[in-house]
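Heads up: the structure comes next, in structure tokens.
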There are 2 protein chains.
Amino acid sequence: MTKIELTTEENILEAAKKVFHKKGFDGARMQEIADEAGINKSLLHYYFRSKEKLFEAIFQDAFKQFLPKIGEALISNKSLFEIITLFVNAYIEMLIKNPYLPVFVVNEINRNPDKIIDIIKNSGVNPIKLESIILSEIEKGTIININPKHLIINILSMCVFPILTRPIITGFLFNNDTALVQEFIEERKSQVTSFVINSIKLK
Amino acid sequence: MTKIELTTEENILEAAKKVFHKKGFDGARMQEIADEAGINKSLLHYYFRSKEKLFEAIFQDAFKQFLPKIGEALISNKSLFEIITLFVNAYIEMLIKNPYLPVFVVNEINRNPDKIIDIIKNSGVNPIKLESIILSEIEKGTIININPKHLIINILSMCVFPILTRPIITGFLFNNDTALVQEFIEERKSQVTSFVINSIKLK
DNA sequence: GTCTATAAATTGATAGAC
DNA sequence: GTCTATCAATTTATAGAC
């Protein structure tokens with residue numbers, strides 16, 4: 001970890017991310033963000049006009065990161081199985097590094113769908129394009145006939161859900177042994193990949 | 001819908017459930033719960049001592065309901081495939097009827113894991129017992145060799161995730177066509193079932 | 001740009017009449 | 001049991017000195 005000199009604005013954004021991700025909009029306090037950033041509360045309003053504005057900045061970032069990116073995995077004509085393998089590994093790895101991200105995004109979107117829709121519109125994010133790839137693989141006869149939307153949701157579900165419910169899993173499946181849970185989450189990368197491929201490959 | 005005469009306490013609990021599920025603990029207001037119940041704010045404190053106490057009552061109920069119950073599906077020596085089919089159908093059906101339940105539970109548990117652990121302990125809920133059934137099926141050679149914990153999480157993931165992320169799915173996969181999304185969620189029952197069985201059955 | 005002081009509004013909770 | 005009135009604490013936001 002290199003200690004980099006941050007501008008005040010970057011400093012605020014980092015502190016706000018930490019607090020908003022952990023407590024959500026309703027639970028977060030401007031005072032706590034100021035303390036976390038080591039500055040005065042008024043400065044928050046000086047840089048961002050209101051709590052809402054500051055939140056929007058944080059949420060946009062979080063949402064973009066949460067959205068599945070298959071860009072890198074798509075390069076250079078890889079097979080669907082390779083794409084799935086690469087994506088699952090990269091996505092779970094990102095989620096491990098940002099454990100609060102899924103709860104934060106999912107919660108805020110459900111609590112305030114209307115407000116969020118506007119934020120998303122302004123973020124210029126595009127829907128994923130994996131669907132057509134899956135369809136062409138079905139036509140080619142590489143995989144079984146399956147509704148691409150369901151396949152996509154199946155994959156995402158199995159990546160994100162364990163992160164979302166980690167505290168419950170820890171308690172109920174692993175008797176609060178956090179080391180075992182960490183191992184379990186790591187295993188998901190290979191487990192999800194093989195579970196999916198096993199289900200859609202032609203016999 | 002039959003209009004049943006409710007006691008004041010039941011009335012409060014119903015209103016509190018509605019508000020807490022939708023807004024979470026931090027977002028919920030005692031005033032709003034009182035309005036929803038058509039009573040005075042002070043009465044909330046008369047029946048339940050504080051906002052926290054009222055919340056605990058609601059959360060315990062929600063958590064119990066959220067926990068997968070395979071009790072009914074286990075009766076009378078059904079095969080694993082039948083158990084999975086019955087469970088997935090019943091669980092998704094329950095989630096459709098309680099769309100705010102998963103976000104509510106997942107969010108509160110992540111925001112305040114310690115507080116929640118106590119509540120869970122007092123609720124007397126037991127860990128699920130599907131694991132041993134899966135293991136015995138593997139020994140019998142009915143299904144492939146798979147880590148039961150991963151299989152269980154896979155199934156739960158694919159049931160719950162679409163409900164949790166419904167607003168995002170609506171926007172990105174269905175261009176905000178809510179009727180299509182409803183149909184999609186209904187399809188999950190059969191899609192998840194066959195996806196799972198397809199993956200674990202011996203070829 | 002950054003701080004102190006304070007306003008203005010909200011909210012959980014209680015006291016007390018009926 | 002139910003209501004009115006009100007307190008006490010919190011919290012976002014602003015005014016103004018430096």
Side-chain angles (χ1 to χ4, degrees), chain A residues 3-62 104 107-108 111-112 114-116 118-119, chain B residues 3-62 104 107-108 111-112 114-116 118-119:
Chain A
K3 201 71 168 183
I4 302 167
E5 202 64 29
L6 294 177
T7 67
T8 303
E9 186 171 346
E10 293 168 329
N11 189 23
I12 291 175
L13 284 172
E14 207 160 276
K17 177 185 168 183
K18 205 166 177 178
V19 176
F20 275 132
H21 276 216
K22 199 168 178 181
K23 311 239 173 148
F25 179 82
D26 290 326
R29 296 288 164 254
M30 294 294 266
Q31 184 61 60
E32 190 177 352
I33 295 175
D35 293 345
E36 179 72 36
I39 54 156
N40 192 278
K41 209 175 45 167
S42 311
L43 263 193
L44 298 180
H45 289 90
Y46 177 77
Y47 280 90
F48 304 83
R49 221 184 54 213
S50 63
K51 184 182 178 184
E52 304 242 349
K53 294 283 178 196
L54 180 52
F55 172 80
E56 283 183 24
I58 301 301
F59 182 82
Q60 274 203 22
D61 259 23
F104 175 64
N107 186 56
E108 299 301 333
R111 296 272 181 264
N112 219 332
D114 303 330
K115 184 172 101 185
I116 300 297
D118 291 339
I119 299 180
Chain B
K3 201 73 169 182
I4 302 167
E5 202 64 29
L6 295 177
T7 66
T8 303
E9 187 171 345
E10 292 168 329
N11 189 23
I12 290 175
L13 283 173
E14 207 160 275
K17 177 183 169 183
K18 205 166 178 178
V19 176
F20 275 131
H21 276 217
K22 200 168 178 180
K23 311 239 173 149
F25 180 81
D26 291 326
R29 297 288 164 252
M30 294 294 268
Q31 185 61 60
E32 191 177 351
I33 296 174
D35 293 345
E36 179 72 38
I39 56 156
N40 192 279
K41 207 174 48 165
S42 313
L43 261 194
L44 299 180
H45 290 90
Y46 177 77
Y47 279 90
F48 304 83
R49 221 182 55 212
S50 64
K51 185 183 178 184
E52 303 241 350
K53 295 282 179 197
L54 179 52
F55 172 79
E56 283 184 24
I58 301 301
F59 181 82
Q60 273 204 22
D61 258 23
F104 174 64
N107 185 55
E108 299 302 333
R111 295 272 180 264
N112 219 331
D114 304 330
K115 185 172 104 186
I116 302 297
D118 293 340
I119 298 180

Inset, instruction - Fit a plane to each ring of B:F25 and B:F20, take the angle between them on a 0 to 90° scale, and name the class: parallel (under 30°), tilted (30 to 60°) or perpendicular (over 60°). - result: parallel

Legend entry - Side chain of A:N40 (C-beta onward), nearest among C:dC3, C:dA13, D:dG1: C:dC3

Legend entry - Presence of B:R29 side-chain N/O under 4.0 Å of C:dG12 phosphate oxygens OP1/OP2: yes

Legend entry - Rounded distance in Å - CD (A:E32) to P (D:dT11): 10 Å

Inset, instruction - Provide, to the nearest angstrom, the distance between the CG atom belonging to A:D26 and the P atom belonging to D:dT11. - result: 12 Å

Inset, instruction - Could you label the plane-to-plane angle of the B:F104 and B:H21 rings as parallel, tilted or perpendicular, counting under 30° as parallel and over 60° as perpendicular? - result: parallel

Inset, instruction - Mind calculating the distance between CD1 (A:I33) and P (D:dT11) to the nearest angstrom? - result: 12 Å

Inset, instruction - Find the distance A:L43:CG to D:dA13:C1' and express it as a whole number of Å. - result: 14 Å

Legend entry - Check: A:T7 main-chain N/O paired with A:E10 side-chain donor or acceptor under 3.5 Å: yes

Legend entry - Nearest to side-chain heavy atoms of A:Y47, which nucleotide of D:dC3, C:dG1, D:dA13: C:dG1

Inset, instruction - Starting at atom CG of B:L44, determine the distance to atom C1' of C:dT14, rounded to an integer number of angstrom. - result: 14 Å

Inset, instruction - Under 4.0 Å between any heavy atoms, over every strand shown, what does A:A28 touch: base, sugar-phosphate, or nothing? Just pick one. - result: sugar-phosphate

Legend entry - Distance test, side-chain N/O of B:H45 to OP1/OP2 of C:dT14, below 4.0 Å: no

Inset, instruction - Provide, to the nearest angstrom, the distance between the CD atom belonging to B:Q31 and the P atom belonging to C:dA9. - result: 17 Å

Legend entry - Side chain of B:S42 - closest among C:dA15, C:dG12, D:dA13: C:dA15

Legend entry - Of the listed nucleotides D:dA13, D:dA5, C:dA13, the one nearest the side chain of B:M30: C:dA13

Inset, instruction - Take the protein atom CG of B:D35 and the nucleotide atom C1' of D:dC3, then report the distance between them rounded to whole Å. - result: 14 Å

Inset, instruction - Look at the side chain of B:K41 and decide which nucleotide, out of D:dT12, C:dA13, C:dC3, has an atom nearest to it. - result: C:dA13

Inset, instruction - Take the protein atom CG of B:N11 and the nucleotide atom P of D:dG1, then report the distance between them rounded to whole Å. - result: 14 Å

Legend entry - Name of the residue among A:K22, A:K41, A:K23, A:K18 meeting salt bridge (charged side-chain N to carboxylate O under 4.0 Å, His left out) with A:E32: A:K23

Legend entry - Proximity to the side chain of B:K51 - top-ranked nucleotide from C:dT11, C:dA13, C:dC3: C:dA13

Legend entry - Residue pair A:D35 / A:Q31, side-chain donor-acceptor N/O under 3.5 Å: yes

